[in-house]
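Single-structure report; data block below.
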Amino acid sequence: MPPKTRAGVSKRAANTGKEDDGETVGGKRKAAAPVEFGKKQVNSEAPRYSHWLMKSEPESRFESGIDGKFGIEDLKALPDQTDCWDGVRNYQARNFMRQMKDGQLAFFYHSDCKEPGIAGIMKIVKEAYVDHTQFDKKDIHFDANSEPDNPKWSMVDVQYQRMLKRFFPLSELKKYHLQHRAKGGPLKDMALFTSARLSVQPLTPEEFDFILSLEDKEPL
DNA sequence: GCCAACGTTGGC
DNA sequence: GCCAACGTTGGC
């Protein structure tokens with residue numbers, strides 16, 4: 001149930017709902033999109049991603065009197081170690097969740113905390129369905145502009161898989177990213193850096209595998 | 001349909 | 001706490 005990022009609903013949202021289907025993202029801006037996912041695909045089909053990274057804030061931070069903290073330890077502690085990833089209020093992030101398939105893996109990323117970085121791995125165990133919090137007036141993610149017969153926001157269920165053998169700090173990932181950008185390598189276009197604020201991001205298998213391989217390496 | 005203003009994210 | 005980056009809104 002925890003809202004994973006603070007993404008509140010904009011008070012100024014006066015949405016007609018027209019931006020909400022398909023791959024087109026809310027904004028019309030050409031979005032500095034070094035990765036192709038921002039663009040509308042000419043031949044319809046959205047690219048099929050197989051791996052993901054999802055951000056959540058593991059440390060307490062009160063907003064409207066509500067603590068949105070949710071780290072990987074919180075997920076691990078739940079019954080079935082499973083939870084719904086509610087509270088996403090960004091179209092790009094939502095659209096990625098809608099592409100997620102049962103059984104796919106996602107990194108659990110800790111954001112907005114002392115040590116941001118990747119903490120562990122989870123699995124998608126339920127594909128996108130209606131995020132109920134958009135209709136709950138008392139929920140911090142309530143969206144007055146979303147109509148029950150045409151809900152704007154979706155969520156997926158995720159299940160804890162395991163912690164990484166060691167934590168991968170953002171700072172370390174960034175060093176690799178910069179190296180790879182200069183000389184080539186799997187992390188050269190990683191969304192964590194090219195679309196830094198996106199809370200749900202796709203990873204290529206190469207990115208995913210490379211990051212996993214760091215488990216057996218010394219911290220850079 | 002452009003774009004300035006506003007609000008949020010999230011690293012530092 | 002600061003503030004750069006950038007998505008979203010809404011005036012024109």
Side-chain angles (χ1 to χ4, degrees), chain A residues 2-40 52-72 74 85-98 106-119 131 133-134 139-147 150-155 167-179 181 187 189-203 211 219-220:
Chain A
K4 323 307 188 189
T5 67
R6 48 188 134 131
V9 178
S10 161
K11 284 91 210 149
R12 315 191 298 137
N15 238 305
T16 51
K18 39 180 181 276
E19 69 286 66
D20 49 318
D21 13 57
E23 303 74 47
T24 337
V25 174
K28 284 92 201 160
R29 62 158 46 215
K30 308 276 177 339
V35 193
E36 330 85 90
F37 60 66
K39 296 183 200 152
K40 181 136 188 167
W52 310 95
L53 178 149
M54 302 168 87
K55 299 181 184 178
S56 182
E57 301 178 14
E59 291 172 10
S60 281
R61 234 180 38 85
F62 286 85
E63 194 166 4
S64 323
I66 294 159
D67 190 1
K69 140 184 157 54
F70 190 76
I72 191 163
D74 298 301
W85 205 267
D86 63 341
V88 170
R89 295 295 181 269
N90 169 281
Y91 292 111
Q92 252 188 95
R94 179 205 67 179
N95 291 346
F96 283 134
M97 285 202 297
R98 289 181 175 179
F107 284 130
F108 196 122
Y109 179 89
H110 284 172
S111 68
D112 215 17
C113 56
K114 285 279 160 44
E115 197 173 27
I118 300 174
D131 178 344
T133 64
Q134 66 198 297
D139 195 282
I140 192 172
H141 297 294
F142 173 67
D143 183 354
N145 296 302
S146 186
E147 296 160 36
N150 186 22
K152 285 167 63 177
W153 306 111
S154 304
M155 63 188 182
F167 183 82
F168 302 151
L170 176 65
S171 55
E172 181 178 354
L173 296 170
K174 187 163 196 172
K175 286 179 199 166
Y176 282 111
H177 166 64
L178 292 174
Q179 277 184 11
R181 214 176 54 180
L187 299 196
D189 295 320
M190 191 183 178
L192 192 55
F193 305 102
T194 59
S195 306
R197 298 185 317 153
L198 240 199
S199 67
V200 176
Q201 327 189 330
L203 292 180
I211 292 168
L220 193 63

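Computed from heavy atoms alone, side chains included, the values below leave out hydrogens, waters and symmetry copies.
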- Task: Report the nucleotide, chosen from B/dG10, C/dT8, B/dG11, that has the shortest atom-to-atom distance to any side-chain atom of A/Lys55.
- Result: B/dG10
- Interatomic distance, A/Leu192 CG vs C/dC6 P [rounded to whole Å]: 13 Å
- Task: For A/Phe193 and B/dG10, give me the distance from atom CZ to atom C1', rounded to whole Å.
- Result: 13 Å
- Task: With sequence neighbours excluded, tell me which residues meet side chain to side chain donor-acceptor pair (under 3.5 Å) with A/Gln201.
- Result: none
- Excluding sequence neighbours, so at least two apart, what forms side chain to side chain contact (heavy atoms under 4.5 Å, CB included) with A/Gln179? A/Tyr176, A/Leu220
- Task: Could you tell me the separation between the CG atom of A/Leu198 and the P atom of B/dT8, rounded to a whole number of Å?
- Result: 17 Å
- Query: Among the nucleotides B/dG11, C/dT8, C/dA5, which one has an atom lying closest to any side-chain atom of A/Arg197?
  - Reply: C/dA5
- Taking atom C1' of B/dG10 as reference, at what distance in whole Å does atom CD of A/Glu59 sit? 12 Å
- Query: Do any side-chain nitrogens or oxygens of A/Tyr109 fall under 4.0 Å of OP1 or OP2 in B/dG11?
  - Reply: yes
- Taking atom C1' of B/dG10 as reference, at what distance in whole Å does atom CD of A/Glu115 sit? 15 Å
- Query: Expressed in angstrom and rounded to an integer, what is the separation of A/Ile118 atom CD1 from B/dG11 atom C1'?
  - Reply: 15 Å
- Do A/Trp153 and A/Tyr91 make the cut of ring centroids closer than 6.0 angstrom? yes
- Message: Between A/Arg89 and A/Ser146, is there a side-chain donor-acceptor contact under 3.5 Å, judged purely by atom types and distance?
- Response: no
- Item | Interatomic distance, A/Lys174 NZ vs B/dG11 P [rounded to whole Å] | 9 Å
- Item | Distance, rounded to the nearest Å, where A/Trp153 contributes CH2 and C/dT8 contributes P | 7 Å
